[in-house]
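Inspection log for the structure reproduced underneath, given as structure tokens.
Letters go in sequence order (proteins before strands), and every chain restarts at 1. For clarity, every value in this text was computed on a predicted model and none was experimentally measured.
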Amino acid sequence: MIPIQIIRENPEEVISRLAIKNIDATDALSQIISLDDQRKETQRKMDDLLSQTNTLAKEIGNLYKLGKREDADALKEQNTQLKENAKMLEVQLSEIQEALQSALIQLPNMAHLSVPKGKSANDNQVVRECGEIPLLSESAQPHWDLATRFDLISFDLGSKVTGAGFPFYKGQGARLQRALINFFLDEAIAAGYHEIQPPLLINEDSGYGTGQLPDKEGQMYHVGIDNLYLIPTAEVPVTNIYRNVILNKSDLPVKNVAYSNCFRREAGSYGKDVRGLNRLHQFDKVEIVQIAEPSQSYQILDSMIEHVARLLTKLELPFRILRLCGGDMSFTSALTFDFEVWSAAQKRWLEVSSVSNFESFQANRMKLRFKDETGKTQLAHTLNGSALALPRIVAALLENHQEENRIRIPAALVGYTGFEYITLPNT
RNA sequence: GGAGAGAUGGCAGAGUGGUCGAUUGCGGCGGUCUUGAAAACCGUUGACCUUCACGGGUCCGGGGGUUCGAAUCCCUCUCUCUCCGCCA
């Protein structure tokens, strides 16, 4: 939610920054400002009346004490009348507030000025390419075939026991998963992040806090009997820790890292993009989340990008970094960089991380603030990024590092897997 | 799952219908004293809306109600604690 003060103070900036996301907010803003005017006006009138009723109530109390019962009764009647008027205004006010809130909540976050204009993923800007794209032999296989041949992952068992998109990891496949999780967590801890293990189910309030609700409801698994949602990312529980919290300036930046399973319904996905590990309903991810002072958030965004780049370099995977264009960005983000690794056998780029600065958009929704040096409370900035999501990393590791009859584990990971090569079963 | 108790400011903890946004203690901040610190003493100390300001309004877990007037009474939801049951 864009803070109303920003809209009031600087509507032109809001309009132009929303235009980067291909949104014409001119009408919406003037509607919002007029609703806000009505809100103030109505509230002022109501406060006036309440002030009068408060004064009268005190007088009545005094009159009773003095034994002037008739005078008191007369005032009582007067006060009842005032109270009724105040009640009417209260109803009006809550209607106006509801309309204002729903208008505000429909506005996406403003794009940062560095965001390129554009409509789709084709307009994203490649800002960096790192690593060498491996030349594989003719017999190189995509990861789903490797996973079967080396007996690492069973998609069929997943379908049998749960459904498509819920694979079983087995043997060296399972150990590789565990190794990656520990590697990512240790790297984050070394970079100063604080490890958190969050719950995997969240309530409705948390869904609103980070913006999954109301509009992305269909993307989450819902446990109806308890009205809880399975988390689509650890970002949701980890950021919502700070819902309705006022931090001290000295607490910032808050740097948290969490490993979790992630659950996504991925309604509407289909085709070759979802083959194998490319798109799952349940997957593992290590997420980094920071809460920062506004003046530092972009510097912190850079440091998060370097952190993710370092992980991919250590895993010896060729990758590129994209600056997302306005049309490809999420509703809540102000600036997003995507990381893609090259999948050598599929011959395509796979998105493995998305690092974003939300500025005060999430903070405003969930009332996450901090006290600055003058003792004033103001909204903090929130940032998060995947560091990293496992399935496509596994896909790329298997494909890019495949050799004749084995798959090489990158050196940085050997201490975690306990083996240097994935080998064929029964050899 | 059954029975009971409770939810008040950063924390602890008073307050059971009238001047209570709330006694007090701790903590925090500022000051006196001190070479410095501690102790002691004095002062100060919540959030939100509105206003240039003065001021006004809202908030005692959430929501609703009774009343001229609610932290205090009633309804409801959520959460916490104790006991019993079940259980990794």
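Under the salt bridge (charged side-chain N to carboxylate O under 4.0 Å, His left out) criterion, D145(A) pairs with no residue, sequence neighbours left out. Residues that satisfy the salt bridge (charged side-chain N to carboxylate O under 4.0 Å, His left out) test with E13(A), not counting sequence neighbours, are R17(A). Every residue two or more places apart in sequence or in another chain that forms a salt bridge (charged side-chain N to carboxylate O under 4.0 Å, His left out) with K249(A) is listed here: E293(A), E373(A). Qualifying side-chain hydrogen bond (donor to acceptor under 3.5 Å, both in side chains) partners for E316(A), counting only residues two or more places apart in sequence or in other chains: R408(A).
Contact between the side-chain N/O atoms of K40(A) and the OP1/OP2 oxygens of rU51(B) is found at a separation under 4.0 Å.
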Legend entry - Contact state string [nucleotides 57-71 of chain B, B base, S sugar-phosphate only, - no protein heavy atom under 4.0 Å]: SS------S--BS--

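Using a 4.0 Å heavy-atom distance criterion, K376(A) is classed as making no nucleic acid contact.
A donor-acceptor contact closer than 3.5 angstrom links the side chains of N278(A) and Q346(A). Side-chain polar atoms of Q141(A) and Q402(A) form no donor-acceptor pair below 3.5 angstrom.
Although no hydrogens or angles enter the test, the distance criterion places no donor-acceptor pair under 3.5 Å between the side chain of S206(A) and the main chain of I202(A). Not one N or O on the side chain of N384(A) forms a donor-acceptor pair closer than 3.5 Å with the backbone of V289(A).
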Review item, nucleotides 73-80 of chain B N/O atoms under 3.5 Å of protein N/O:
none

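Nucleotides rU23(B) and rG64(B) have their P atoms positioned 27 Å apart, rounded to a whole Å.
Of the nucleotides present, rU58(B) is the one that pairs with rA47(B) by Watson-Crick or G-U wobble criteria, both distances under 3.5 Å.
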